[in-house]
Engineer: 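Just dropping this structure here.
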Amino acid sequence: MTPLKAFKIAVVEALKVDAGVASIVGGKIYDEVPRDHRGEPTDASAPFVYLGPLGWRRLELGCNPGYDVALRLYAVSTKFGREEVWALHEAMRLAFDLKTLTLAGGHLMTPFRTMAGGDVIALPSPKECFLDLRTQLSDATPYP
């Protein structure tokens, strides 16, 4: 399993087991925006969290390949006002800031840094917030 795949799986699992996040969304954590039976985006299951863009840049770490990784998470709510979506944003921030995850395959990571967050304004869509995370990954397999 690649470090990025292990990372993505670990992020989803961490969100599902975090008490603060789970108290708002239950287990509604998605790898992409939920879709209805027609394949169109839907907010029917709000509140929920979904993974946005995941990007990486090569990072030289000596004997093993490394990656400087950026991930954007989105929180979605259809409740009136912004209280719920911002409570979810804060729960996600607390779940990750300065924490590390155990990655499958023996891959390693540095502690997360929460880098930015804010509103997503896209009328008439439901209320959304984003949270940008950064970390560095080290591949368990050394260079050949």
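In this chain, numbering begins with 1 at the start of the sequence shown.
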Engineer: Could you walk me through whether Met109 and Val69 pass the side-chain contact (heavy atoms from CB on, under 4.5 Å) check?
Structural biologist: CA-CA 10 Å; Met109 68 176 284; Val69 177; over 6 Å; no

Engineer: Quick one: does Leu51's side chain get under 4.5 Å of Leu73's, heavy atoms only?
Structural biologist: yes

Engineer: Knowing that exactly one of Thr110, Leu108, Leu103, Leu59 qualifies, which makes a side-chain contact (heavy atoms from CB on, under 4.5 Å) with Leu137?
Structural biologist: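 Between Leu137 and the candidates, side-chain contact (heavy atoms from CB on, under 4.5 Å) is satisfied uniquely by Leu103.
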
Engineer: Would you call the rings of Phe7 and Phe112 parallel, tilted or perpendicular if under 30° counts as parallel and over 60° as perpendicular?
Structural biologist: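 Plane angle between 30° and 60°, so tilted.
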
Engineer: Are any non-hydrogen side-chain atoms of Cys63 and Tyr143 less than 4.5 angstrom apart?
Structural biologist: no

Engineer: Rounded at 0.5 Å granularity, tell me how far CG in Asn64 sits from OG1 in Thr141.
Structural biologist: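 With rounding to 0.5 Å, CG (Asn64) is 7.5 Å from OG1 (Thr141).
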
Engineer: To the nearest 0.5 Å, what is the distance between CG (Leu133) and CZ (Arg93)?
Structural biologist: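 The distance works out to 11.0 Å.
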
Engineer: With rounding to the nearest 0.5 angstrom, report the OH to CZ distance, Tyr67 to Arg57.
Structural biologist: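 Reported value, rounded in 0.5 Å steps: 15.0 Å.
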
Engineer: Within the 4.5 Å heavy-atom criterion, are Leu98 and Arg113 side-chain neighbours or not?
Structural biologist: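 Yes. Closest side-chain heavy atoms under 4.5 Å.
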
Engineer: Taking all non-hydrogen atoms of both residues, which atom of Lys28 and which atom of Ser45 are closest, and how far apart?
Structural biologist: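 Answer, listing the atom of Lys28 first, then Ser45: NZ-O, 2.8 Å.
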
Engineer: If hydrophobic clusters are built by linking Ile, Leu, Val, Met, Phe, Trp and Tyr wherever their side-chain heavy atoms come under 4.5 Å apart, do Val25 and Tyr50 end up in the same one?
Structural biologist: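 Not linked; separate clusters.
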
Engineer: Side-chain heavy atoms under 4.5 angstrom apart, residues restricted to Ile, Leu, Val, Met, Phe, Trp, Tyr: same cluster for Phe48 and Met92?
Structural biologist: no

Engineer: Shared ILVMFWY cluster between Val49 and Val12, side chains joined below 4.5 angstrom?
Structural biologist: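 Yes, one cluster joins them.
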
Engineer: Roughly how far apart are Asp119 CG and Glu128 CD, rounded to 0.5 Å?
Structural biologist: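 Going from the CG atom of Asp119 to the CD atom of Glu128 covers 10.0 Å.
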
Engineer: Is there side-chain contact between Leu54 and Val11, with heavy atoms separated by less than 4.5 Å?
Structural biologist: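 In short, these two side chains do not touch, never coming nearer than 4.5 Å.
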
Engineer: Measure across Lys99 and Leu94 and return the closest heavy-atom pair with its distance rounded to 0.1 Å.
Structural biologist: NZ-O, 2.5 Å

Engineer: Are more than 12 heavy atoms from other residues, nucleotides or ligands located less than 6.0 Å from atom NZ of Lys79?
Structural biologist: no

Engineer: Might you confirm whether atom CZ of Phe80 has over 12 heavy atoms from other residues, nucleotides or ligands at distances under 6.0 Å?
Structural biologist: no

Engineer: Find out whether Ile29 and Val21 are in side-chain contact, i.e. whether some heavy atom of one side chain is under 4.5 Å from a heavy atom of the other.
Structural biologist: yes

Engineer: Can you tell if the side chain of Asp139 reaches within under 4.5 Å of the side chain of His107, non-hydrogen atoms only?
Structural biologist: yes

Engineer: Provide the closest heavy-atom pair for Ala10 versus Thr102 in the form atom of the first, atom of the second, distance.
Structural biologist: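 Looking at all heavy atoms of both residues, the closest pair is CB-O, 4.0 Å.
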
Engineer: Compare every heavy atom of Gly105 with every heavy atom of Ala140, then report the nearest pair and how far apart it is.
Structural biologist: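 So the two residues come closest at CB-O, 3.2 Å.
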
Engineer: Please say yes or no: joined through hydrophobic side-chain contacts below 4.5 Å, possibly via intermediate residues, are Ile24 and Phe96 part of one cluster?
Structural biologist: yes

Engineer: Give me the atom names and distance for the closest heavy-atom approach of Ala75 to His89.
Structural biologist: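 Reported closest heavy-atom pair: CB-N, 4.5 Å.
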
Engineer: Looking only at heavy atoms, what is the nearest atom pair of Trp86 and Cys129, with distance?
Structural biologist: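 Scanning both residues completely, I find the closest heavy atoms to be CE2-SG, 3.3 Å.
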
Engineer: Same hydrophobic cluster for Leu15 and Leu101, using side-chain heavy-atom links shorter than 4.5 Å among ILVMFWY?
Structural biologist: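 As far as the 4.5 Å side-chain criterion goes, Leu101 and Leu15 are connected within one cluster.
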
